[in-house]
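What you see below is based on every heavy atom in this structure, not just the backbone, and it leaves out hydrogens, waters and symmetry mates.
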Amino acid sequence: MPRLVLINPVSDPKRGIQSRKITRFPPLGLASIAAMTPSAWDIRLLDENVRISPFPEADLVGITSFTSTINRAYEIASSYRQRNIPVVMGGIHPTMMPEEALCHADCVVVGEGEWVWPKVLKDLESGSLRKIYKADPEELISLPFPRRDLFDSGYSWGTIQTSRGCPMDCHFCSVTAFNGRRFRQRPLEHVWDELKTIPQRNIFFVDDNILGYGKDAEDRAIRFFRGMVERGMRKRFVCQTSLNFAQNTEVLKWAEKAGCKMIFVGLESISEHSLKHFGKAYNLKRGTGSYAESIRRCHDFGIGVIGALMFGSDGEDPGIFQKTLNFIQESGLDVIQITFATPLPGTRFFEKLLHEARLTHTDFPMDWRAYSFSKILFRTKGMSAEDLYRGMASVKDGLYSFAVFTRRVFRTLKETRNFTTAFLSYKLNKGYRKGYMETSYFKPYSSLHRNISKRCLSRDSRPGLPSA
């Protein structure tokens with residue numbers, strides 16, 4: 001029986017925002033690939049977020065990777081290829097950088113791998129494996145249930161996907177490049193049936209926006225949540241969405257009844273100028289003044305809000321940090337994810353900075369390990385790298401000092417009147433606090449000054465000027 005090993009690598013050492021147990025989710029994409037593999041194959045799935053283990057023997061290896069973990073992926077691929085074992089790579093980073101990935105793999109799958117995986121296996125067996133297989137987005141009606149039996153037993157969260165694609169095309173986001181701009185939805189009966197097979201009570205919906213786009217998608221979300229209630233699914237879940245989630249009372253009512261405890265929302269910035277810079281058209285149309293009202297409406301239904309904000313837009317000045325802290329306090333956000341704007345390959349943000357010769361970390365592939373949302377990777381306009389690191393440290397001190405951290409959790413309990421939501425807020429805040437306290441900008445500034453990337457400080461000190 002041929003042996004297939006599927007691997008989800010982790011950066012080493014661990015960096016960025018994905019290393020905490022509370023945000024550790026099973027690799028759904030690899031389990032979907034396994035579901036498209038004929039039963040004649042013996043499959044083993046390794047997730048290095050759970051444990052690092054010796055690489056088993058295989059007849060074929062499949063590796064998925066984000067940008068921040070791609071060097072570890074290349075290391076694993078090399079170890080197998082040295083044993084003459086073919087390696088197929090896929091996922092976000094290989095999709096955006098297929099020629100680079102081909103220097104380390106025998107084959108690269110570009111896009112949603114499920115649709116071309118049977119062809120990859122057929123060509124491998126016939127000795128005619130191609131270098132690149134490009135998958136065009138297809139309707140999700142034929143998507144099989146992932147092979148969850150291959151997952152490690154240590155995950156506290158189950159994951160599921162009900163839709164793919166996003167029409168918004170924000171400048172910093174690679175979702176459109178990977179999944180396309182057309183919003184595609186799975187049949188609700190398929191999703192309900194799959195939910196019944198997930199052993200965990202805690203569920204994370206990995207859709208980029210579970211609410212979707214337009215009135216029909218909103219009605220579908222109501223039917224979906226109501227169907228979970230009518231089928232007696234006792235799940236507790238977190239989902240990604242837009243703040244439009246809070247505008248329809250029926251959405252909130254049925255989401256609460258179905259077990260929604262928190263929503264993750266990409267607010268990105270409180271600055272209209274920054275929203276324009278990042279192409280966040282939806283938030284720009286709503287205006288940041290509506291954020292607090294939307295959060296309050298969620299709280300009325302016992303639902304907490306995780307807000308994602310980032311710094312590094314052209315034109316920001318040092319005042320943005322205190323303004324952001326004030327907004328967080330006044331808005332009632334329950335959990336806050338703060339990052340630096342990161343130009344991921346394949347995005348309009350990356351291409352713009354590359355064209356303007358402003359990227360400071362371009363020794364690829366080695367420098368990809370820096371693309372973990374915790375470093376300044378380009379020469380900024382409006383502030384120096386020192387200003388940004390100093391400002392980020394002040395924001396995170398203001399967010400995650402023990403007293404502020406504790407008050408925020410108790411506020412969540414008071415405003416949502418939901419113990420489970422408050423406990424989840426505590427766990428997430430604790431996880432973010434631990435991760436942020438480990439980053440260099442929490443050290444005394446004298447130490448920080450010595451540790452800021454020399455590539456950001458060795459060129460002309462005026463912000464925004466390209467190197468000669």
Worked verdict on Glu75 versus Asn71 for side-chain hydrogen bond (donor to acceptor under 3.5 Å, both in side chains): CA-CA 6 Å; Glu75 177 185 338; Asn71 285 286; over 6 Å; no
Distance-minimising heavy-atom pair for Gln240 and Val206: NE2-O, 3.5 Å
Partner of His299 by side chain to side chain donor-acceptor pair (under 3.5 Å), out of Arg411, Lys414, Glu415, Arg417: Glu415
Heavy-atom side-chain contact between Phe205 and Thr162 under 4.5 Å: yes
Atom of Met96, atom of Ser174 and distance for their closest heavy-atom approach: CE-O, 3.7 Å
Closest contact, heavy atoms only, Glu48 versus Pro9: OE1-CA, 3.5 Å
Expected output: side-chain Lys235 to main-chain Lys196 donor-acceptor under 3.5 Å: no
Heavy-atom neighbours of Phe264 CZ exceed 12 at 6.0 Å: yes
Chi angles and distances behind the side-chain contact (heavy atoms from CB on, under 4.5 Å) call for Arg148, Leu28: CA-CA 8 Å; Arg148 291 187 172 85; Leu28 200 61; 3.8 Å; yes
side-chain hydrogen bond (donor to acceptor under 3.5 Å, both in side chains) between Asp387 and Ser384, worked out: CA-CA 5 Å; Asp387 290 334; Ser384 67; 3.3 Å; yes
Test log, rule side-chain contact (heavy atoms from CB on, under 4.5 Å), inputs Met97 and Phe364: CA-CA 11 Å; Met97 305 292 293; Phe364 301 132; 5.7 Å; no
Residue pair Leu211 / Ser242: nearest heavy atoms and the distance that separates them: CD2-OG, 4.3 Å
Exam field: side chain Asp367 to backbone Thr362, donor-acceptor pair closer than 3.5 Å: yes
Worked check of side-chain contact (heavy atoms from CB on, under 4.5 Å) between Lys257 and Arg226: CA-CA 8 Å; Lys257 289 179 178 293; Arg226 188 171 59 208; over 6 Å; no
Donor-acceptor under 3.5 Å (Arg390 side chain, Pro318 main chain): no
Whether Phe151 and Tyr155 hold their rings parallel, tilted or perpendicular, with breakpoints at 30° and 60°: perpendicular
Derivation and outcome, side-chain hydrogen bond (donor to acceptor under 3.5 Å, both in side chains), residues Ser274 and Glu316: CA-CA 7 Å; Ser274 295; Glu316 286 181 346; 3.0 Å; yes
His104 and Tyr74 aromatic ring geometry - parallel, tilted or perpendicular at 30°/60° bounds: parallel
Thr67 OG1 to Arg369 CZ distance, which is reported to the nearest 0.5 Å: 13.0 Å
Test item: Tyr436 side-chain N/O and Leu399 main-chain N/O as donor-acceptor pair under 3.5 Å: no
Face-on cation placement of Arg408 at Tyr400 ring, 6.0 Å and 45° thresholds: yes
Ring center gap for Phe225 and Phe237 short of 6.0 angstrom: yes
Taking every non-hydrogen atom, the tightest pair across Ser11 and Thr69: N-CG2, 3.5 Å
Test item: Thr347 side-chain N/O and Pro343 main-chain N/O as donor-acceptor pair under 3.5 Å: no
Partners passing side chain to side chain contact (heavy atoms under 4.5 Å, CB included) against Thr342 (at least two apart in sequence or in another chain): Leu344, Tyr371, Phe373, Leu377
Residues Asp219, Lys215: salt bridge by 4.0 Å N-O rule: yes
Interatomic spacing from CD in Glu114 to CG in Leu143 - rounded to 0.5 Å: 5.5 Å
Polar side-chain atom of Thr421 near backbone of Ile303 as donor-acceptor pair, under 3.5 Å: no
Separation between CD of Glu293 and SG of Cys298, rounded to the nearest 0.5 Å: 10.0 Å
Side chain proximity check, Phe405 to Lys430, heavy atoms < 4.5 angstrom: yes
SG-CZ distance between Cys170 and Arg348, expressed to the nearest 0.5 angstrom: 9.5 Å
Note, Ile222 side chain near Asn248 side chain (heavy atom, < 4.5 Å): yes
Donor-acceptor pair, side chain of Asp363 and main chain of Met366, under 3.5 angstrom: no
Ring geometry between Phe278 and Phe172 (parallel below 30°, tilted from 30 to 60°, perpendicular above 60°): perpendicular
Residues Glu189, Arg231; criterion salt bridge (charged side-chain N to carboxylate O under 4.0 Å, His left out); working and verdict: CA-CA 11 Å; Glu189 290 289 346; Arg231 286 161 176 77; 3.2 Å; yes
Pairwise distance CD1(Ile328) to CG(Asp334) - rounded to 0.5 angstrom: 12.0 Å
Taking every non-hydrogen atom, the tightest pair across Phe378 and Gly312: CZ-O, 3.4 Å
Short N-O contact, Arg164 and Glu138, less than 4.0 angstrom: no
Derivation and outcome, side-chain contact (heavy atoms from CB on, under 4.5 Å), residues Glu250 and Glu218: CA-CA 10 Å; Glu250 286 294 295; Glu218 190 174 277; over 6 Å; no
Matching residue for Phe340 among Tyr389, Phe349, Phe311 - test: ring pair (Phe, Tyr, Trp, His ring centres under 6.0 Å): Tyr389
CZ (Phe145) with more than 12 external heavy atoms under 6.0 Å: yes
Nearest-0.5 Å distance that lies between atom CZ in Phe224 and atom CZ in Arg186: 9.0 Å
Main-chain N/O of Ala357 paired with Arg379 side-chain donor or acceptor, under 3.5 Å: yes
Test item: Arg234 side-chain N/O and Arg201 main-chain N/O as donor-acceptor pair under 3.5 Å: no
Salt bridge (charged side-chain N to carboxylate O under 4.0 Å, His left out) evaluation trace for Arg296 with Asp300: CA-CA 6 Å; Arg296 184 193 64 77; Asp300 288 345; 2.7 Å; yes
side-chain hydrogen bond (donor to acceptor under 3.5 Å, both in side chains) evaluation trace for Ser269 with Ser271: CA-CA 5 Å; Ser269 178; Ser271 163; 4.6 Å; no
Plane angle bin for Trp368 and Phe350 - parallel if under 30°, tilted between 30 and 60°, otherwise perpendicular: tilted
Heavy-atom check, side chain of Phe245 versus side chain of Val251, under 4.5 Å: yes
Residue list, salt bridge (Lys or Arg N to Asp or Glu O under 4.0 Å) with Lys323, at least two apart or on another chain: none
Close side-chain approach of Ile141 to His190, heavy-atom, < 4.5 Å: yes
